[in-house]
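Reading through the C-alpha cells given below for one structure.
In listed order, ligands and their atoms are each counted from 1.
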Amino acid sequence: MPGLDEKLQDIYSEVVGRNPGEHEFHQAVHEVLESLGPVVAKHPEYAEAAVIERLCEPERQIIFRVPWLDDNGRTRINRGFRVQFNSALGPFKGGLRFHPSVYLGIVKFLGFEQIFKNSLTGMPIGGAKGGSDFDPKGKSDAEVMRFCQSFMTELYRHVGEYTDVPAGDIGVGGREIGFLFGQYKRISNRYESGVLTGKGLTWGGSQVRKEATGYGTVFFVDEMLRANGQSFEGKRVVVSGSGNVAIYAVEKVQELGGLVVACSDSSGYVVDEKGVDLTLLKELKEVNRGRIVEYAQARGHDVHYVSSGSVWEVPCDIALPSATQNELNGADARTLIKGGCIAVGEGANMPTTPDGVRLFLDAGVLFGPGKAANAGGVATSALEMQQNASRDFWSFEHTEARLAKIMRGIHDRCAETADEFGSPGNYVVGANIAGFIPVADAMLALGVI
Ligand code: GLU
C-alpha cells in the first residue's frame, strides 16, 4: 500500500493495533486515509479535535447471541452484530448482511464505508451496518422467519426511526425485512414504518428501493461516460454477481442500450453473447433462489457456464463488480485493461482490491468507487424514510427521477472535489473527500462526543 502522511500513518497504525485481525476494516480505513492528506493540510482544526481518530472508532458496537430452532427442532446458534459507526449527520443507517463470512471486521468495514457513502447522498443519515454469520442458503422460509424473529428480539432495543434504521444487504431482502419488521412491530406495539427500509410496497416500502442500488450504479457510470463524451449504447458489459444489485444493474444497462454478456455467482459464471435474459435470471434468482448454473441449463447450448476462473476473463468495455468485497484483484484488473475496458462502477462494497484500484487509475480507466457508485440504494432508503415520515407514497417515475438526480449530484460533487484537491478525474479521492468533509464539519460543530 502507498505511504500515508506521518500523522495519518500514526492514526492507521493505531486502528490496526486496536482492531487486530480485522483486515477488511483496515483496508477500508487505509483507502480513505490515503485521500485525506490534502484535507488535513488545509484544515488543521480537524486534527485539533481528533476528528479522524474519532471517526475510526464506532460510537457503539453490539454483538449478541441469536438462538433459533431449525425444522428438525434442533437448537442453532448464530452471532448477531450491529455497529453504529457515526451519527453526526443523522440517525444511524445501513444494511444487515446475513452470510457465513460475517464477523466483526466485515461489519466494521461496511459500517465505516457507509458513513461516507451516506454523507455523499446529501441526505441526513449517519452510518451503520449489521448482520449475522447465519447462512440463509438452503434454509426454509420458516427457519428464516424464526431466525429473523430471534435476531430482532435482541436488536429492537437498539433501533428506531430516530436512532438507527437497518435495511438489507447480502442475504437480506424483502422476505427478511418483512419478518424483522413484523417482530419489531409486535414487540414495540408500534407501526413505526421508519424503523427499517426495504419494506414491501403495501406496508410502507418505497417504489424503486429494490432496483435502486443497481440502477444507481448504472446512472453513476453513465454520468462518468457522458463527462467523457461516451455512453452505454452498444457497449459490452460484464456484471459480476446475480443478486439484487446485479439484476437491476443488468436491467438499467439494457434500457440504456448496453449488452450484458456475463454474470456470476459464488460457484461460477455464465457467458451469454446474445445478452443476458433478464426474465429468466429474475425467475431463477428472485423466485426460485437457484444457482447461476441453472441459467445455462435453461437457456441452452448458446450459453456456457464456467465453474472455475473469474468472470473478469470475459472481455468487456464496462465492468460492474456487483457481488462482494475483494472480488476483483490486480490480476483481474490487468486482464480487463488489456481487454480494452474503459469504465468500472462498483455496485458492491469494496469489490476491487487496492492494487486493482491503483491499476485502473494509472491506466486512465474511469473508476467509480462503491461509496459513490452504489449509494443509490441507501439514498432511496432515505427517500423511503421521507415517505414514511410524511405518510406518503410516491410514484415509480417520481422516485426514479429523484434517484437519478441524487446520482448526478454525487457524480458532480466527486468530480469537482477531485479537481479542487488536485486529483482531476480521480473519483476515489473525490468521493472520500466529498464524503468526509460534511461529517467532519458536523463533528466539529457537535463538540467532543
Ligand atoms: N446495504 C446497502 C448499502 O450497502 C443499503 C443500505 C440501506 O439502504 O440502508 O448501502
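Cation-pi check for Lys139 over Phe134 is met; the charged atom lies under 6.0 angstrom from the ring centroid and within 45 degrees of its normal.
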May I have a table of the N/O to N/O pairs between ligand 1 and the protein that fall below 3.5 Å, each row giving the two atom names and the distance to 0.1 Å?
unit_1: ligand 1; atom_1: 1 (N); unit_2: Lys129; atom_2: NZ; d: 3.1
unit_1: ligand 1; atom_1: 1 (N); unit_2: Gly168; atom_2: O; d: 2.9
unit_1: ligand 1; atom_1: 1 (N); unit_2: Asp169; atom_2: OD1; d: 2.8
unit_1: ligand 1; atom_1: 4 (O); unit_2: Lys117; atom_2: NZ; d: 3.0
unit_1: ligand 1; atom_1: 4 (O); unit_2: Lys129; atom_2: NZ; d: 3.0
unit_1: ligand 1; atom_1: 4 (O); unit_2: Asn349; atom_2: ND2; d: 3.1
unit_1: ligand 1; atom_1: 8 (O); unit_2: Arg209; atom_2: NH2; d: 2.9
unit_1: ligand 1; atom_1: 8 (O); unit_2: Ser381; atom_2: OG; d: 2.6
unit_1: ligand 1; atom_1: 9 (O); unit_2: Lys93; atom_2: NZ; d: 2.7
unit_1: ligand 1; atom_1: 10 (O); unit_2: Gln114; atom_2: NE2; d: 3.1
unit_1: ligand 1; atom_1: 10 (O); unit_2: Lys117; atom_2: NZ; d: 2.8

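The pair Lys252-Glu400 meets the salt-bridge criterion, with a side-chain N (NZ, NE, NH1 or NH2) lying under 4.0 Å from an Asp/Glu carboxylate O. Here Glu22 pairs with Lys108 in a salt bridge; the nearest charged N to carboxylate O distance falls below 4.0 Å.
Under the 30°/60° scheme for interplanar angles, the aromatic rings of Phe151 and Phe147 are found to be tilted. Ring geometry, Phe181 versus Trp203: the interplanar angle falls under 30°, so the pair is classed parallel (tilted spans 30 to 60°).
At least one side-chain heavy atom of Tyr269 sits less than 4.5 Å from a side-chain heavy atom of Glu313.
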